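Notes for the one structure printed next.
This is a predicted model, so every value here is computed, not measured.
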Amino acid sequence: MSDVVTGLVCAVCGTAVPISQALSWKCPLATDVDTHHVLHFENSVEPFRPTDDSNPYLAFRKYLAVDSFGAAIGLSEAERIRIIQETNEAVASIAGTGFLRTPLYRSSELSDALGFTAEGGVWIKDETHNVAGSHKARHLFTELLHLLFAEAAGIAPWTVSTRPPLAIASCGNAAIAASTLAAAVQWPIYVHVPPAATTEVLTALTELDADVRVCARLPEDEAGDPCVLRFREAVANGAIAFGVQGTENAWCLDGGRTIGWEMTEEMGPLMDRIFIQVGGGAFAACVGASLRSAGVHPKLHAVQTEGCAPLARAWENALATGGARNAGPRWNECMWPWETTPASIADGILDDETYDWIGVLDSMADTGGAPVVVSEQHVMQAYEWAHSLTSVNVSATGVAGLAGLIAMRSDIANDERVVVVMSGVERVEAN
């Protein structure tokens with residue numbers, strides 16, 4: 001089974017938004033004071049029959065919300081396909097590759113090291129082959145298509161020559177992905193990064209002509225990531241939210257689903273468990289939603305580190321206040337920013353708050369999964385194994401899924417088929 005998107009609905013207050021509404025980033029009831037809202041897609045059900053295309057946005061096009069949006073505002077199927085193809089070609093001209101399906105394969109080395117039988121084992125979903133080296137661009141591409149579709153239909157409140165800037169808050173991979181897509185279509189972008197952003201990341205952003213804004217924490221700042229605070233200020237001043245938090249732009253929860261659909265098409269019900277890194281949560285929320293829509297239910301495990309684990313706390317709080325599923329109306333009881341300074345070598349998942357926690361909790365509750373909190377030792381072991389036992393050039397952040405499997409190994413049967421997602425290419429610091 002699969003889904004064709006018919007609208008959006010707030011997972012917190014239930015407010016509905018039609019699929020035809022342009023620039024439908026946030027729940028209409030969200031305010032600067034009440035930011036605890038997030039739009040999720042509503043789906044009709046039909047058979048899961050993707051087309052045989054190497055471009056995931058064409059292979060799974062009819063299941064994407066952005067395609068339903070394009071149709072609803074009057075763009076023909078031919079026009080929607082043309083925009084996807086031409087934009088992907090423009091991305092390839094900047095990134096060296098356009099969007100293609102990413103590898104999924106059994107690692108005999110990891111399977112043996114972890115003591116699995118030949119019937120079970122560890123499968124790697126390698127997202128380092130994505131545009132800009134991680135899954136982030138998958139989320140952002142549907143946001144970009146939404147903007148381009150609105151322009152093509154003549155309903156955007158700007159012209160190509162008067163485009164407002166895009167804006168994102170990110171410590172690395174998402175910033176590079178967003179700047180890559182912006183450069184591909186010559187769209188100005190503000191990138192809000194922390195003072196700890198590496199020289200390599202800052203150099204890459206500069207080469208992509210991004211307007212980089214380093215965001216130190218100010219004495220008067222409220223709790224939370226100062227990069228997100230400055231990002232929200234930019235959006236309030238007219239910039240377009242172009243990030244990977246569903247609370248800021250719901251359309252990031254569309255394109256990320258293509259990764260889960262790829263896994264479904266290749267392994268389907270053969271998957272027993274999936275371990276996936278969680279920072280802001282959009283990635284795990286998307287994978288969970290896509291698997292559910294396609295009718296497969298492997299246990300989903302969302303992995304965070306001991307140095308920053310707001311999702312596991314939200315899971316326990318949700319269970320104690322009415323259940324893990326549909327916990328959105330209990331936001332204040334379940335999710336709030338991590339009180340201590342986040343710290344881990346897996347620095348790409350140190351979001352103070354798991355913004356898309358509702359979708360992640362729903363998916364874990366639906367599949368019988370649960371969050372996993374790993375130690376630094378688990379992360380270091382995963383990093384060492386990833387680099388010595390596989391050919392994946394993955395960062396410490398990107399091995400968090402494998403770290404989760406290592407931490408839970410004693411609870412997993414030897415013949416289970418386990419997928420670990422590796423996302424975030426290892427970037428070498430410039431000399």
Which of Glu333, Arg330, Glu316 passes side chain to side chain donor-acceptor pair (under 3.5 Å) with Thr321? It is Arg330

Expected output: side-chain Asn249 to main-chain Trp25 donor-acceptor under 3.5 Å: no

Quiz item: So, Glu127 versus Asn130: side-chain donor-acceptor pair below 3.5 Å or not?
Solution: yes

* To do: Please step through side-chain contact (heavy atoms from CB on, under 4.5 Å) for the pair Phe242 and Leu144, ending with a clear verdict.
  => CA-CA 8 Å; Phe242 195 66; Leu144 181 60; 4.1 Å; yes

Ignoring hydrogens and angles, state whether a donor on the side chain of Trp261 or Ser293 is under 3.5 Å from an acceptor on the partner side chain. yes

Exercise. May I ask you to say whether Asp366 pairs ionically with Arg325, meaning some side-chain N is under 4.0 Å from a carboxylate O?
Key: yes

* **Close side-chain approach of Leu311 to Leu361, heavy-atom, < 4.5 Å** => yes

Nearest heavy-atom contact between Arg313 and Glu339 is NH1-OE1, 2.8 Å

Any donor-acceptor N or O pair under 3.5 Å, side chains Lys125, Thr102:
yes

- [ ] Please confirm whether Phe48 and Tyr63 have ring centers closer than 6.0 angstrom.
- [x] yes

From the list Glu265, Glu262, Glu266, salt bridge (Lys or Arg N to Asp or Glu O under 4.0 Å) partner of Arg101 resolves to Glu265

Only residue of Val419, Val420, Val421 satisfying side chain to side chain contact (heavy atoms under 4.5 Å, CB included) with Trp123 is Val419

- Query: Looking at side-chain heavy atoms only, is the closest gap between Glu77 and Arg61 below 4.5 Å?
  - Reply: yes

d(Cys10 SG, His36 NE2) to nearest 0.5 Å is 11.5 Å

Val379 and Thr305 have their tightest heavy-atom pair at CG2-CG2, 4.2 Å

Donor-acceptor pair, side chain of His387 and main chain of Glu384, under 3.5 angstrom: no

_As a quick check of understanding, evaluate side-chain contact (heavy atoms from CB on, under 4.5 Å) for Met408 and Val418, giving each step before the final call._
CA-CA 12 Å; Met408 271 195 69; Val418 180; over 6 Å; no

Could you give me the CA-CA distance, side-chain angles and deciding distance for Ser24 and Leu8, then say whether side-chain contact (heavy atoms from CB on, under 4.5 Å) is met? CA-CA 9 Å; Ser24 50; Leu8 302 91; 4.2 Å; yes

Heavy-atom closest pair (Leu100 atom, Arg138 atom, distance to 0.1 Å) is O-NH2, 3.0 Å

Any side-chain to backbone donor/acceptor pair from Asp352 onto Pro337? Under 3.5 Å, distance only. no

Taking Ser68 for its side chain and Val5 for its backbone only, find out whether a donor-acceptor pair lies under 3.5 Å. yes

Practice prompt. Run the ring-centre check on Phe141 versus Trp251 and record whether the distance is less than 6.0 Å.
Written response: no

* Check whether the side chains of Ser363 and Arg292 place a donor and an acceptor atom closer than 3.5 Å, and report yes or no. => yes

Margin query: When you measure from the side chain of Thr35 to the backbone of Asp32, do you find a donor-acceptor pair of N or O atoms at a distance under 3.5 Å?
Written below: no

| task | Taking the side chain as every heavy atom from C-beta outward, state whether Tyr57 and Thr142 have any atom pair closer than 4.5 Å. | result | yes

CZ of Arg232 to OG1 of Thr247, rounded to nearest 0.5 Å, is 6.0 Å

Under 3.5 Å, is there a donor-acceptor pair linking the side chains of Thr159 and Thr162?
yes

Here the gap from Glu86 atom CD to Ile83 atom CD1, rounded to the nearest 0.5 Å, amounts to 8.0 Å

message = I'd like to know if the side chain of Thr367 and the backbone of Leu300 have a donor-acceptor N/O pair within less than 3.5 Å.
response = yes

To the nearest 0.5 Å, atom CZ of Phe60 lies from atom CG of Asp254 at 12.5 Å

Looking only at heavy atoms, the pair that brings Glu143 and Ala241 closest together is OE1-O, 3.9 Å

| Counting N and O atoms only, with roles assigned by atom type, does the side chain of Ser423 sit under 3.5 Å from a partner on the main chain of His135, one being a donor and the other an acceptor? | yes

*Taking atom CD of Gln186 as the centre, report whether more than 12 heavy atoms of other residues, nucleotides or ligands fall under 6.0 Å from it.*
no

Heavy-atom side-chain proximity of Pro310 to Gln304 below 4.5 angstrom: yes

Looking at Trp158, I'd like to know if the NZ or CZ of Arg163 sits under 6.0 Å from its six-membered ring centre while staying within 45 degrees of the ring's axis. no

Taking every heavy atom of Ser134 against every heavy atom of Asn173, the minimum-distance pair comes out as OG-CB, 3.6 Å

Heavy-atom closest pair (Val278 atom, Ala284 atom, distance to 0.1 Å) is CG2-CB, 3.7 Å

CG (Leu147) and CG (Leu166) are apart, to the nearest 0.5 Å, by 6.5 Å

Flag side-chain contact, heavy atom, 4.5 Å: Val394 against Val425 = no

Query raised in the report: Any side-chain heavy atom of Ile81 within less than 4.5 Å of one from Ile84?
Result: no

_Any side-chain to backbone donor/acceptor pair from His301 onto Ile274? Under 3.5 Å, distance only._
no

**Item:** Student check: side-chain heavy atoms of Ser344 and Leu350 closer than 4.5 Å
**Value:** yes

Checklist line | Side chain Asp351, main chain Glu353, donor-acceptor under 3.5 Å | finding: no

- Message: If we ignore hydrogens and angles and just use 3.5 Å, is the side chain of Thr51 paired with the main-chain N or O of Leu58 as donor and acceptor?
- Response: yes

Practice problem: Could you check Trp385 against Ile406 for side-chain contact (heavy atoms from CB on, under 4.5 Å), going step by step and ending with a plain yes or no? | Solution: CA-CA 11 Å; Trp385 277 1; Ile406 292 170; 3.9 Å; yes

request  = Would you confirm whether the ring centroid of Trp315 sits within less than 6.0 angstrom of the ring centroid of Trp357?
outcome  = no

CZ of Arg273 to CG of Leu405, rounded to nearest 0.5 Å, is 9.0 Å

Atom CD of Gln21: over 12 foreign heavy atoms under 6.0 Å: yes

(message) Using side-chain heavy atoms (C-beta onward) and a distance below 4.5 Å, is Leu39 in contact with Val9?
(response) no

